[in-house]
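Take a look at the structure below.
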Amino acid sequence: EVQLVESGGGLVQAGGSLRLSCAASGFTFEDYAIGWFRQAPGKEREGVSCIRGSDGSTYYADSVKGRFTISSDNAKNTVYLQMNSLKPEDTAVYYCALRRSFGSDYDWANIYEYDYWGQGTQVTVSS
């Protein structure tokens with residue numbers, strides 16, 4: 001049974017940093033990709049970043065490039081999202097999600113391809 005558990009959210013001042021963790025179980029990461037999504041109140045859920053288990057390829061939304069870094073410990077089936085230079089507009093519930101590995105880069109943020117989701121962790125950035 002697949003399980004995804006996020007942690008590491010909290011309250012931080014603008015310009016600060018947080019590291020989110022996604023502890024996953026029940027699958028072999030090299031056959032999958034894990035994405036980070038976020039959803040602010042009243043807004044659509046959007047893709048933030050993704051990492052592919054087979055080769056470690058990473059993908060980022062334009063809004064977070066240069067500020068966020070995704071990484072993985074494949075042996076532990078754990079994915080991290082290091083978030084630096086946080087802005088108030090980064091405030092949201094952050095979710096990790098699992099999908100089968102993909103071959104087309106444009107498809108990484110397609111929420112409909114993700115089959116399993118964690119419970120979410122709140123990130124609040126104050127101004």
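Predicted model, so just to flag it, every value in this text is computed and none were measured. FYI, side chains are in, hydrogens and waters are out, and symmetry mates aren't considered; it's all heavy atoms of this structure.
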Evaluate the ring-ring contact (aromatic ring centres under 6.0 Å, His included) criterion for residues W117 and F37: first the C-alpha distance (whole Å), next the side-chain angles of each, then the deciding distance (0.1 Å), finally the verdict. CA-CA 10 Å; W117 295 81; F37 293 77; 5.0 Å; yes
Can Y59 and Y106 be said to form a ring-ring contact (aromatic ring centres under 6.0 Å, His included), step by step? CA-CA 9 Å; Y59 308 87; Y106 69 85; over 10 Å; no
Give the intermediate values and the outcome of salt bridge (charged side-chain N to carboxylate O under 4.0 Å, His left out) for residues R99 and D107. CA-CA 11 Å; R99 62 168 289 170; D107 200 40; 3.0 Å; yes
Pair F68, D90 - check side-chain contact (heavy atoms from CB on, under 4.5 Å), show working. CA-CA 11 Å; F68 292 9; D90 295 317; 4.0 Å; yes
Determine, step by step, whether E44 and E46 satisfy the side-chain contact (heavy atoms from CB on, under 4.5 Å) criterion, reporting the C-alpha distance in whole Å, the side-chain angles of both residues, the deciding distance to 0.1 Å, and the verdict. CA-CA 6 Å; E44 298 288 329; E46 64 176 349; over 6 Å; no
With side-chain contact (heavy atoms from CB on, under 4.5 Å) as the test, would you mind laying out the steps for V12 and T124 before giving the verdict? CA-CA 6 Å; V12 66; T124 302; over 6 Å; no
Before you tell me yes or no, could you show the steps for R100 and D115 under salt bridge (charged side-chain N to carboxylate O under 4.0 Å, His left out), namely the whole-Å CA-CA distance, both residues' side-chain angles and the distance that decides it to 0.1 Å? CA-CA 8 Å; R100 272 286 189 175; D115 299 311; over 6 Å; no
Show, in sequence, the C-alpha distance, side-chain angles and deciding distance for Y80 and C22, and conclude whether the side-chain contact (heavy atoms from CB on, under 4.5 Å) test is met. CA-CA 6 Å; Y80 306 95; C22 175; over 6 Å; no
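Using a distance-only test at 3.5 Å, with no hydrogens or angles considered, a donor-acceptor pair links the side chain of T91 to the main chain of V125.
Of all heavy-atom pairs between Q119 and L4, the closest is OE1-O, 3.7 Å. In this structure, Y60 and K65 approach most closely via the heavy-atom pair O-CE, 3.4 Å. Summarising the geometry of L11 relative to S126, their closest heavy-atom pair is CD1-CB, 4.4 Å, with the distance given to 0.1 Å. Of all the heavy atoms in I34 and A24, the pair that sits closest is CD1-CB, 4.3 Å. When all heavy atoms of G8 and L18 are compared, the closest pair comes out as O-CD2, 3.9 Å. The two residues L81 and S49 have their closest heavy-atom pair at CD1-CB, 4.1 Å.
The closest side-chain donor-acceptor pair between S17 and N84 falls under 3.5 angstrom. Side-chain polar atoms of R38 and Y94 form a donor-acceptor pair below 3.5 angstrom.
Taking 4.5 Å as the limit, every side-chain heavy atom of V123 sits out of range of all side-chain heavy atoms of V93. You'll find the side chain of E6 stays beyond 4.5 Å of the side chain of V79, heavy atoms only. Residues W36 and V64 have side chains not in contact (no heavy-atom distance under 4.5 Å, counting atoms from C-beta outward).
From I70, atom CD1 reaches atom OG of S57 across 11.5 Å, with rounding to the nearest 0.5 Å. The line from OG of S54 to CG of D31 is 8.5 Å long, rounded to the nearest 0.5 Å. Of the inter-residue distances, the one linking S101 atom OG with E113 atom CD reads 11.5 Å to the nearest 0.5 angstrom.
Atom CD of E30 has 12 or fewer neighbouring heavy atoms from other residues, nucleotides or ligands inside a 6.0 Å radius.
Aromatic rings of Y116 and Y32 (six-membered ring for Trp) have centroids beyond the 6.0 Å cut-off, not under it.
Taking the ring axis of Y95 as reference, the NZ or CZ atom of R45 stays within 45° of it and closer than 6.0 Å to the ring centre.
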